[in-house]
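The next block holds one structure in the form of structure tokens; read it before the comments.
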Amino acid sequence: QVKLVESGGGLVQAGGSLRLSCAASGSTFGVDAMGWYRQEHGTQRELVANIDRGGNTNYSDRVKGRFTISRDNAKNTVYLQMNNLKPEDTAVYSCFADHNGLPYHWGQGTQVTVSS
């Protein structure tokens, strides 16, 4: 089993910044990609960003240039630096780790709220 624990969510005004962390523990052998989805009430779940063990990254066009995903393989931790936050970024952000290339393990989610 893989356990993922997110932290760093909260309330911030538009234009502010937050940094999310996701620490993985347990049977992490075999995990390649990790990343973040988000879902605001009434919307579809959206892939925000992901990163593989080699450091290759992928971003949603909605966050490209504002968010940066990074990873510390030694600590089994992935980070999401979110700058210039907008009200549209308000959502529950959930960390995932893959299994055979698909999101499989999930964290509990952390709320990010951006006020205008």
Side-chain angles (χ1 to χ4, degrees):
Q1 305 95 324
V2 175
K3 181 180 179 181
L4 304 174
V5 179
E6 303 106 328
S7 62
L11 174 64
V12 65
Q13 290 190 344
S17 298
L18 287 172
R19 183 175 64 201
L20 305 183
S21 299
C22 176
S25 61
S27 300
T28 58
F29 182 83
V31 171
D32 182 32
M34 295 181 66
W36 301 87
Y37 275 84
R38 68 184 183 186
Q39 185 172 31
E40 189 173 6
H41 181 72
T43 71
Q44 290 272 75
R45 186 181 67 176
E46 175 189 25
L47 177 64
V48 178
N50 65 286
I51 183 170
D52 65 19
R53 286 190 179 270
N56 303 297
T57 59
N58 178 67
Y59 296 94
S60 163
D61 288 340
R62 296 177 63 193
V63 308
K64 195 173 300 180
R66 299 188 297 119
F67 292 9
T68 302
I69 190 168
S70 60
R71 182 170 180 170
D72 187 337
N73 290 328
K75 298 175 65 175
N76 290 319
T77 301
V78 65
Y79 307 92
L80 186 68
Q81 179 67 44
M82 305 183 295
N83 296 327
N84 191 24
L85 283 160
K86 304 176 179 180
E88 68 191 64
D89 296 317
T90 295
V92 174
Y93 286 70
S94 298
C95 178
F96 74 87
D98 80 327
H99 176 70
N100 293 333
L102 295 173
Y104 188 78
H105 309 284
W106 294 91
Q108 79 283 2
T110 185
Q111 177 71 44
V112 172
T113 302
V114 184
S115 63
S116 60

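Position 1 is the first residue of the sequence, and the numbers go up from there. We use all heavy atoms of the structure for the numbers below, so side chains are in, but hydrogens, waters and symmetry mates are not.
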Once you round to the nearest 0.5 Å, how far does CG of N56 lie from CD1 of I51? 8.0 Å
Please confirm whether the backbone N or O of F67 pairs with a side-chain atom of Q81, one donor and one acceptor, at under 3.5 Å? no
side-chain hydrogen bond (donor to acceptor under 3.5 Å, both in side chains) for Q111 and T113? Distances and angles first, verdict last. CA-CA 6 Å; Q111 177 71 44; T113 302; 3.2 Å; yes
Test item: L47 and S60 side chains (from C-beta on) under 4.5 Å apart, heavy atoms: no
Given side chain to side chain contact (heavy atoms under 4.5 Å, CB included), test R62 with E46 step by step and report yes or no. CA-CA 10 Å; R62 296 177 63 193; E46 175 189 25; 3.1 Å; yes
Can you see which heavy atom on A97 is nearest to which on L4, and at what distance? N-CD1, 3.6 Å
Mark yes or no for whether T43, through its side chain, and E40, through its backbone, hold a donor-acceptor pair below 3.5 Å. yes
Of all the heavy-atom pairs spanning A24 and T28, show the shortest one and how long it is. CB-CG2, 3.9 Å
For the side chain of T90 and the backbone of V114, is there at least one donor-acceptor N/O pair under 3.5 Å apart? yes
Distance check, rounded to the nearest 0.5 Å: N50 atom CG versus T57 atom OG1? 8.0 Å
Going only through I, L, V, M, F, W and Y residues with side-chain contacts under 4.5 Å, is there a path from V48 to V112? yes
Taking only residues at least two apart or on different chains, which pairs with a member in residues 70-85 satisfy salt bridge (charged side-chain N to carboxylate O under 4.0 Å, His left out)? none
Chi angles and distances behind the side chain to side chain contact (heavy atoms under 4.5 Å, CB included) call for Y79, T77: CA-CA 7 Å; Y79 307 92; T77 301; 3.4 Å; yes
Of all heavy-atom pairs linking P87 and S116, the shortest is CG-CB, 3.8 Å
Can you tell me which residue pairs pass the salt bridge (charged side-chain N to carboxylate O under 4.0 Å, His left out) test with a partner in residues 89-114, sequence neighbours excluded? R38-D89, R66-D89
From Q13 atom CD to S115 atom OG, the distance as rounded to the nearest 0.5 Å: 4.5 Å
Non-hydrogen atoms of N83 and S17 that approach each other most closely: OD1-OG, 2.9 Å
Could you go step by step and tell me if M82 and Y93 meet the side chain to side chain contact (heavy atoms under 4.5 Å, CB included) rule? CA-CA 12 Å; M82 305 183 295; Y93 286 70; 3.9 Å; yes
Backbone N/O of V31 and side chain of Y104: donor-acceptor pair under 3.5 Å: no
Gap between atom OG of S27 and atom NE2 of H105 - 0.5 Å precision: 8.5 Å
Would T110 and V92 satisfy side chain to side chain contact (heavy atoms under 4.5 Å, CB included), going step by step from the backbone distance to the final call? CA-CA 5 Å; T110 185; V92 174; over 6 Å; no
Nearest heavy-atom contact between W36 and S21 is CH2-O, 3.6 Å
Please find the pair of heavy atoms, one from S94 and one from G109, that lie closest to each other, and give the distance. OG-CA, 3.7 Å
In chain order, what residues pass the ring pair (Phe, Tyr, Trp, His ring centres under 6.0 Å) check against Y37, with sequence neighbours excluded? F96, W106
Please check this pair: side chain of N73 against backbone of R53, looking for a donor-acceptor N/O pair closer than 3.5 Å. yes
